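Below is one structure; the comments refer to it alone.
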Amino acid sequence: LKIGLPVVSIPPSTIFISTNGKPLKIFIHPILTLLDNGIIPVLYGDVIWDTKRGSSIFSGETCLKIISHELMKRGWKITRDIQLGIEKGVLDENGKIIPFITPVKFAKLHRTICGSANRDVTGGMKHKVQESLEMAKLGIETLIANGEVKGLAYKAIIGEKVNGTKISI
């Protein structure tokens, strides 16, 4: 909103239902309606309804993966996923940004990936990378970067190089 993009926040609890913590159903039509009207849906990790447990924690990256898959089945071409948070990217054990992760590289360094400095019940940075690698199998490159850096979101959206971690095949 601050940079003038037409965005709308979509609470995952309004479009997802799970059973025993696993995705069961997605109501994709609100997303399709927004996109058809030139509005960018913004998703995040949240609590969703669960048929067995009552509720489940559902990560933002899992939301993105499922929605991307559903959109691609309907003919949408998706090539990039931009995940902005408070971390400057995926960090190694020394707190330095890992600029690029592939499945081979992740297999070598997955034990050294540091989590968030804050409590994260949706799976943390390792989960974010694992879900991003699943998206890479669909041909979607992910950028994980710090959304608190002024101008970074805009630069990332228009395809300019920004500090962060790219994840792809």
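Model, not experiment: these values are computed from the prediction.
Interatomic distance, K166 NZ to I82 CD1, rounded to the nearest 0.5 Å: 10.0 Å. One distance of note links NZ of K128 with OG1 of T62; it measures 9.5 Å at 0.5 Å rounding. To the nearest 0.5 angstrom, Y44 atom OH is 8.5 Å from I10 atom CD1. Expressed to the nearest 0.5 Å, how far CD1 of I157 lies from CD1 of I40 amounts to 5.5 Å. Rounded to the nearest 0.5 angstrom, S132 OG and I140 CD1 are separated by 10.0 Å. Atom-to-atom distance recorded for S68:OG and I31:CD1 is 10.0 Å, nearest 0.5 angstrom.
Between the D50 side chain and the G21 main chain, a donor and an acceptor come within less than 3.5 Å of each other. At least one donor-acceptor pair closer than 3.5 Å links the side chain of N146 to the backbone N or O of E148. Put simply, the side chain of K105 gets close to the backbone of F100: a donor and an acceptor are under 3.5 Å apart. Under a 3.5 Å cut-off, the side chain of R80 and the backbone N or O of E141 do not form any donor-acceptor pair. A donor-acceptor pair is defined here as one N or O able to donate and one able to accept, closer than 3.5 Å; such a pair exists between the side chain of T165 and the backbone of V90.
Residues I48 and I17 are not in side-chain contact: their nearest non-hydrogen atoms beyond the backbone lie 4.5 Å or more apart. Considering only heavy atoms from C-beta on, V8 stays 4.5 Å or farther from V42 through its side chain. Side-chain contact between E70 and I26: present, with at least one pair of heavy atoms (C-beta onward) separated by less than 4.5 Å. At a threshold of 4.5 Å between non-hydrogen side-chain atoms, the residues L133 and I167 count as touching. V129 is listed as a side-chain neighbour of F106, based on a closest heavy-atom distance under 4.5 Å. Side-chain contact check for I101 versus T142: every heavy-atom pair is 4.5 Å or farther apart. Looking only at side-chain heavy atoms (C-beta outward), S18 and R53 stay at 4.5 Å or farther from each other. No side-chain heavy atom of L91 sits less than 4.5 Å from a side-chain heavy atom of K96.
The two atoms that bring S168 and P103 nearest to each other are O-CD, 3.6 Å, heavy atoms only. Closest approach of I97 to N163, counting heavy atoms only: CD1-CB, 4.4 Å. Of all the heavy atoms in G38 and P6, the pair that sits closest is O-CG, 3.3 Å. Here the closest heavy-atom approach between residue H127 and residue S59 is recorded as NE2-OG, 3.0 Å. Minimum interatomic distance between P30 and I15 (heavy atoms only, all atoms of both residues): CG-CG2, 4.1 Å. Of all heavy-atom pairs between L84 and A153, the closest is CD1-CB, 3.6 Å.
In this structure, K65 does not pair ionically with E61, as no charged nitrogen and carboxylate oxygen lie closer than 4.0 Å.
Taking hydrophobic clusters as Ile, Leu, Val, Met, Phe, Trp and Tyr residues chained together by side-chain heavy-atom distances below 4.5 Å, V104 does not share a cluster with L109. Hydrophobic clustering, with ILVMFWY side chains joined whenever heavy atoms are under 4.5 angstrom apart, keeps I169 apart from I144.
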Derivation and outcome, side chain to side chain contact (heavy atoms under 4.5 Å, CB included), residues L71 and I67: CA-CA 6 Å; L71 291 173; I67 288 171; 3.8 Å; yes
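Checked against F16 for a ring-ring contact (aromatic ring centres under 6.0 Å, His included), the options F27, W49, F58 give a single hit: F58.
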